[in-house]
Amino acid sequence: MMKVEAIIRPERLGATKSALEEKGIHGMTVTEVHGRGEQKGLEFTHRAGKFRVDMLPKVKVEIVVKDHQVDVVVDAICTSARTGEVGDGKIFLIPVEKVIRVRTGEAED
Amino acid sequence: MMKVEAIIRPERLGATKSALEEKGIHGMTVTEVHGRGEQKGLEFTHRAGKFRVDMLPKVKVEIVVKDHQVDVVVDAICTSARTGEVGDGKIFLIPVEKVIRVRTGEAED
Amino acid sequence: MMKVEAIIRPERLGATKSALEEKGIHGMTVTEVHGRGEQKGLEFTHRAGKFRVDMLPKVKVEIVVKDHQVDVVVDAICTSARTGEVGDGKIFLIPVEKVIRVRTGEAED
Amino acid sequence: MAVDAGNTAWVLISAALVFIMTPAVGFFYGGMLGKKNVLSILGQTIIIIGMVTLIWVTVGFTLAFGGNGQDLIGNFDWIMLDKVGIEPLAPYDFTSVPGILFMMFQGMFAIITVALIIGGVAERMKLKALVIFLFVWTLAIYIPVAHWVWGGGWIAQLGALDFAGGTVVHITAGVSVLAAVLVLGKRSTLSNGGVEMAHNIPFVVLGGALLWIGWFGFNGGSALAADGIAANAFVVTMVAGATAAVVWGIVSWLHLGRPGVLGMISGAIAGLVAITPACGYVNVTGAIVIGLGAGVFCYAGILLKKRFDYDDALDVFGVHGVGGTWGAIATGLLATGTLASSSQGLLYGGGFDLLVSQLIAVVVVYAFAFSVTFVILKVMKMVMVVRVTKEEERIGADIIQHGENAYS
Amino acid sequence: MAVDAGNTAWVLISAALVFIMTPAVGFFYGGMLGKKNVLSILGQTIIIIGMVTLIWVTVGFTLAFGGNGQDLIGNFDWIMLDKVGIEPLAPYDFTSVPGILFMMFQGMFAIITVALIIGGVAERMKLKALVIFLFVWTLAIYIPVAHWVWGGGWIAQLGALDFAGGTVVHITAGVSVLAAVLVLGKRSTLSNGGVEMAHNIPFVVLGGALLWIGWFGFNGGSALAADGIAANAFVVTMVAGATAAVVWGIVSWLHLGRPGVLGMISGAIAGLVAITPACGYVNVTGAIVIGLGAGVFCYAGILLKKRFDYDDALDVFGVHGVGGTWGAIATGLLATGTLASSSQGLLYGGGFDLLVSQLIAVVVVYAFAFSVTFVILKVMKMVMVVRVTKEEERIGADIIQHGENAYS
Amino acid sequence: MAVDAGNTAWVLISAALVFIMTPAVGFFYGGMLGKKNVLSILGQTIIIIGMVTLIWVTVGFTLAFGGNGQDLIGNFDWIMLDKVGIEPLAPYDFTSVPGILFMMFQGMFAIITVALIIGGVAERMKLKALVIFLFVWTLAIYIPVAHWVWGGGWIAQLGALDFAGGTVVHITAGVSVLAAVLVLGKRSTLSNGGVEMAHNIPFVVLGGALLWIGWFGFNGGSALAADGIAANAFVVTMVAGATAAVVWGIVSWLHLGRPGVLGMISGAIAGLVAITPACGYVNVTGAIVIGLGAGVFCYAGILLKKRFDYDDALDVFGVHGVGGTWGAIATGLLATGTLASSSQGLLYGGGFDLLVSQLIAVVVVYAFAFSVTFVILKVMKMVMVVRVTKEEERIGADIIQHGENAYS
Ligand SMILES: Nc1ncnc2c1ncn2[C@@H]1O[C@H](COP(=O)(O)OP(=O)(O)O)[C@@H](O)[C@H]1O
Ligand SMILES: Nc1ncnc2c1ncn2[C@@H]1O[C@H](COP(=O)(O)OP(=O)(O)O)[C@@H](O)[C@H]1O
Ligand SMILES: Nc1ncnc2c1ncn2[C@@H]1O[C@H](COP(=O)(O)OP(=O)(O)O)[C@@H](O)[C@H]1O
């Protein structure tokens, strides 16, 4: 199994969920995170001036799938989460040794 | 070492912590997440109607342990976090190459 | 590639970011978490008494880097996030199979 | 009449209480939205306070309250508050409060009415377009209708009753939102079937609680004196709000199996809306009936939205439009004739006279508010960009329009 | 006496200030709970506002304030507010405010008293059971005690003093919570040794601040006139709250090494509770003494809970029970005899008379509130399910009872 | 003069409104800080309410308002409120409100003034040092200046006007912050270039809204009667706040491309500050001018901080110092001579007399507040530890000083 860990823009989460659903991928875990990368932050207004925030709100989507589904998932995310501007995010593929379902205790490798 | 990454119901966190403690497992990191899986969401009330939320609050518990402790941890979580209803969650086992303690800089594989 | 996953004190995040920047490491993802380990919690005041909270606020910093950069990153974090008191945190090294950039779809192993 | 300290004290504090209703609406609405749009609502309430105050002290007050007796609109006698001073102001000097205070008390009503609208059109208009729309709306709709009802215009002459603004405030706002959302269209996030949970229900309750206390000034202060009429208005306000909150809870318990907190506080607001036109004329029994009707009708009013598939984001029509209408009609049914007016409602032996006047006022204001709002926005759409882009909608108004995040 | 505008203005605004105390309690309590139970508290405050208002205007007011001179309970002369109108209402017409306003001002006290209880029994009762309990409690405990003290009942005849409700409001609520938690038992989450941090201390401070401003109407308005007695009540209220906040901070600094913010705002509330019965009778020196005692005794009152191991979730007994008791006794010590009553306290030369009357009133109300609450809940437990399940407790009342999340 | 119910009602409620401004400042400031320092601000407001109340009723009131006619400081005639009772208090008995209420209304001003300071020195002082500093500050700066202006001291004799506290409240607080941050130095987190986002802008707006409603009592209540002057003060307060909010929005739109919500609410506060000294003397036209100036000058005042690189955390000097100064000067320009004083401003035909008096008052109070604050803190630094450590600064005052987390 593989964990597909995608850091994307919060406003693209809805589209990404839909795109995955179309591919039959339903299970996922979402975390609110802050990140920075190539994107050099965003300007915010203060009472009388601007300031730059370098850590921007992102959303981490974690999807654990069988190895053969990885490409489908990655493609779906890339297409749906993309805006083409810097800051679209990254996907990390992390090997998972085993998955256990808490309700039943059954395991899958 | 192995990272045991469990996504469980928030209301089972207390019981899970106790169960792990009984097995002598103390260190852990907890994150508030939202997830979906088999569980088809939950109905919430609105002013005048209901709506379904498909991403439900879950808690992610991460415990990094030596390989031989993994089974104990998984068992403890499965038993303590289980309600038997859909939505109990998943455990992912992820290999960890090395663990470093920030305070001392010492490493453990 | 390797994911360096560091759990550190929130108040050391600023210093850690600076230290990494000095080493040319810019990309990272940060999550607010709660954790416990050797540190036996902290005492808080209530209206008329104290209570102990065993899960303390920590910050998880995730940095995915090429394998040869891992040591630099680990060193930078250890030095900058250290206070020498219990509770400084842990760093976990987790293998990453592939990294994909959402904006372009290009992958790196 | 000379200035009376007791009455002035009450109108002073009532004006302050009505003031707080506008930020309160900001919390009531803002809490119901997602957390990326809450600041935009709060910011709009501040802008409205500023803009409408300036309109009011320059030309608004004189156009609404000047020329008492003229059918359609006031005059410029009091432009820039000329002659409006610290003495009671004829022909409103029955109030025994300083003219400038009478002016400001009425101005607070203009502000809150405009603020009600932003909940309906939320999450889709460009800030600049919204400000222009509300500016024109104040002049073209609020001020004329205020004149008709309170400035001695044709509705006042007709004998229709509206103690504290069922028609002037709630119907104008509610119906205009209906017209506006038809012109503007739905939010794109909504069209995708996205449902957004209220991001902070405690803020909704906070806003609702502040609205409720503000309403005591709104309705009680409309007596313009600290007398028995003010006391009666205060009490029936309390009773109608309380009744409607309970009724809403029961209705949703029956309908959904559970009473939501968001629902019950909305029910309270519905009851407060409905009692507004009636509070100078009905007794506590009347207030219970009005609260009961408000709970049922406004609940149904919100369901209308799904049925007819328009996007009145925070149900300004469902709560204020429907509630204001019910209150205006109920006044024609339940006015006792022994309080602030001798006109009696149908159920109190007054026959159909009052009821018919009430209905005429309601129908004409519906038609007026709807059509003028429709035209304003249609014209605006032709000459400027009125809506934000889909991408901006997704990112949220707080970042896009204000460059701020509510929480960090 | 004819209606006086100045006094009416003050009682109108005081009634509004007491109104806001109920949502304020919601924030004060709700912020102290975890975030999965905050809405349930806020929702309960709305339900209580609705339910108690309806009880009050139908039978409550007449049972509490009717039949002045009857020992134990009022009569039905003013049922459905019959004869309660916009003129002052004999025999309460010394107040020179409209009868209907006097009725509502007193009704606000009933509401807030009932709302105090929910903090003690929080996080364990089924909503339906809670509503039934509070309904019966209002009729069986609040209304009789209000009659005894303010409606010309036996405590009034005895000569015991309770200006704004130390006995009627705070002791009844505090003692009833003690009885209730004994019958209900502890929260299961608590029995597991779980400690829950306050989820939003700023909300606690917000609630506390709104309570404080509301208390000016509660105590000051109880003069039922805008006169020197009202002014004195206002000032001693401020001073007692201020003193107790500081004292609490110092006590916890000595005890814990740090003054908590939760503690200091609770200290302020303790001081406000304690001054309530006394505020029409004591001067500023008395207020400082009362504040000092409140800070110390209520701090100790909270520690009692650990000692005796009952689960009064938000310390309603520790703060309101203990504070109200101290205030009632302190009135017997510190009444100057020169303000709203000529009875002097022990330390002002009045001998033991007043003190003994105060003690009798306190003891009887303790016994009455405790035993009646105990019986009500014991009976309820026999005929219906009163508590939520452990699983529901863990999931939290917001989802279980209301189907809502406070934040998203 | 005998006690008048109408005037007393208004001053009672005004005192309550000024009271709420102190917790309101807590939310206004606390929301602007990071979430690890919000409780410390809220806690400090509670401590200040407690401490200043106790100072005021013991020695503060008599030192500020006693000895009317003495140039520099009052006397001890009313120590422990001796002779201050429920009758009007000579020589302030023109107010027809109970002496004890006059005392408390003035006391509320002392509290809020001290509370303003904490926003400037936020996030760096040890709590114990802060409390000592504010204690001394109240006695050494607030009380003398209040005497000079309102207690019949030399500024009053000079003929300078300060209706509700531009000099006494806003200039003393703003200038003292300037001196304090020079002595204390910058926050270490700031020196590292760290910018902290406001953690809860809705709280800032909530605080701002409560400040605004409080200001109606602050300015309107300063008439000490419910009369035309109070009404005028109320109205110009509204207009100046509204104007400055809009102007700030426009300025930041021009400057930054977007109007921030934090900015607009700050603009409102700036306008309210600036109208404070003037509100008894100027008309609505004057208020618009003052609001306009406030929006521009205070915006610039905040920019000063960057230019001169001092760390006035929440711009107490930029908003209160600059706004108060502008208001004091504007009074010398715009006083009509037809309201609470017959002195006319330069633009209303009064020549330079008033303007010069205003300038003298401003300059002397600047020098006094700055130098005394400077000395107090310099001395404190020599005898005790005044600042927290860098590590404590990073962890945040909530945990370090109070052992609490605001949210969980
Ligand atoms: N090396 C990295 N390690 C961990 N997270 C990263 C890394 N690089 C980027 N990210 C995450 O991805 C997000 C988007 O990255 P960014 O470089 O801004 O986008 P893009 O790749 O489109 O230029 C960042 O905000 C951060 O959360
Ligand atoms: N494939 C997956 N990838 C990542 N997280 C998942 C996946 N499947 C389930 N989860 C997480 O586990 C939680 C519980 O899963 P669910 O399928 O509802 O429970 P159950 O396994 O008891 O039926 C989900 O809310 C989600 O957070
Ligand atoms: N075995 C573990 N698995 C997961 N997280 C851990 C583990 N041990 C420690 N942590 C995380 O690291 C944080 C710091 O650990 P702690 O043991 O208190 O520090 P130190 O190593 O300096 O003594 C904890 O709060 C927790 O979040």
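In this text the structure is predicted, and so the values were computed from the model without any measurement. Protein chains get the first letters and strands the later ones, always in sequence-line order, with residue 1 at the start of each.
- Crowding of A:Lys98 atom NZ: a count of heavy atoms from other residues, nucleotides or ligands under 6.0 Å not exceeding 12.
- Distance check: A:Leu20 CG to A:Ile77 CD1 gives 5.5 Å after rounding to the nearest 0.5 Å.
- Each of B:Thr31, B:Thr79, B:Asp54, B:Ile8 has some count of heavy-atom pairs under 4.5 Å with chain A, and the biggest count is that of B:Asp54.
- Between B:Cys78 and B:Ile91 the shortest heavy-atom distance is SG-CD1, 4.0 Å.
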Stepwise side chain to side chain contact (heavy atoms under 4.5 Å, CB included) test for B:Leu56 and B:Leu42: CA-CA 7 Å; B:Leu56 296 180; B:Leu42 209 67; 3.6 Å; yes
Side chains of residues 67-76 of chain B: which donor-acceptor pairs under 3.5 Å do they make with residues two or more places apart or in other chains?
from    : atom 1 : to      : atom 2 : distance (Å)
B:Asp67 : OD1    : B:Met1  : N      : 3.3
B:Gln69 : OE1    : B:Lys66 : N      : 3.2

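- Residue contact with chain A, scored on non-hydrogen atoms closer than 4.5 Å, involves the side chain of B:Lys60 exclusively.
- Contact of A:Val99 with chain B is made through backbone and side chain together, with heavy-atom distances under 4.5 Å.
- Per-residue counts of heavy-atom pairs under 4.5 Å with chain A were compared for B:Glu85, B:Lys58, B:Glu32; the largest is that of B:Glu85.
- Your options are A:Lys3, A:Glu108, A:His26, A:Glu62, and the one with the most heavy-atom pairs under 4.5 Å with chain B is A:His26.
- Of the two parts of A:Lys17, the backbone and the side chain both hold a non-hydrogen atom closer than 4.5 Å to a non-hydrogen atom of chain B.
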